[in-house]
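Ligands are counted one by one from 1 in listed order, and the atoms in each one are counted from 1 as well.
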Amino acid sequence: MDLKIIGEMKPEYKCDCSRERVEKALISIGKRDLTEIYEEGKSEEIKCHFCNKSYEFSNQEIGELLNQSR
Ligand SMILES: [Zn+2]
């Protein structure tokens with residue numbers, strides 16, 4: 001028998017977060033704060049509270065979110 005173990009790490013549960021969700025969360029912090037981040041030329045890293053996955057938003061992407069929230 002030549003069995004291969006695929007993936008030793010068992011996911012404890014599957015988090016259903018997605019970039020889309022994080023975008024919505026980012027928009028929900030408010031346009032004013034978002035504009036501030038954007039105008040300071042910053043990027044933003046958002047971490048999921050459940051699975052600790054981090055999503056990075058570049059300054060340009062934050063600008064795009066601002067346009068979307070208009
Ligand atoms: Zn998550």
Side-chain angles (χ1 to χ4, degrees):
M1 290 294 271
D2 185 20
L3 287 176
K4 274 182 189 165
I5 296 166
I6 302 166
E8 289 187 343
M9 269 171 42
K10 277 186 199 164
E12 285 177 6
Y13 68 98
K14 200 172 175 288
C15 183
D16 65 348
C17 68
S18 66
R19 198 171 170 88
E20 217 169 68
R21 274 194 180 207
V22 179
E23 279 177 9
K24 276 177 192 157
L26 200 52
I27 289 169
S28 75
I29 68 168
K31 222 168 143 182
R32 216 176 128 173
D33 287 344
L34 220 52
T35 306
E36 216 167 86
I37 294 165
Y38 180 65
E39 286 181 349
E40 283 175 21
K42 288 179 185 169
S43 60
E44 189 75 8
E45 189 190 14
I46 308 284
K47 251 185 192 171
C48 172
H49 295 297
F50 302 104
C51 67
N52 235 23
K53 185 176 175 171
S54 67
Y55 294 88
E56 185 136 4
F57 290 88
S58 68
N59 188 253
Q60 194 197 333
E61 283 169 322
I62 289 169
E64 278 163 17
L65 286 181
L66 268 173
N67 283 331
Q68 276 175 41
S69 67
R70 234 162 241 160

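Within the model, atoms CG of L65 and CD1 of I37 stand 10.0 Å from one another, a figure rounded to the nearest 0.5 Å. Note: I62 CD1 to T35 OG1 = 10.5 Å, rounded to the nearest 0.5 Å.
For the pair C17 and Y55, the tightest heavy-atom approach, listed with the atom from each and the gap, is SG-OH, 3.2 Å.
Tally of protein N, O or S atoms closer to the Zn ion (ligand 1) than 2.8 Å: 4.
Considering only residues two or more places apart in sequence or on other chains, D33 meets the salt bridge (Lys or Arg N to Asp or Glu O under 4.0 Å) condition with none of them.
In this structure a side-chain-to-backbone donor-acceptor pair under 3.5 Å is present from N59 to K42.
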Take V22 and F57, measure what side chain to side chain contact (heavy atoms under 4.5 Å, CB included) needs, and give me the verdict at the end. CA-CA 10 Å; V22 179; F57 290 88; 3.5 Å; yes

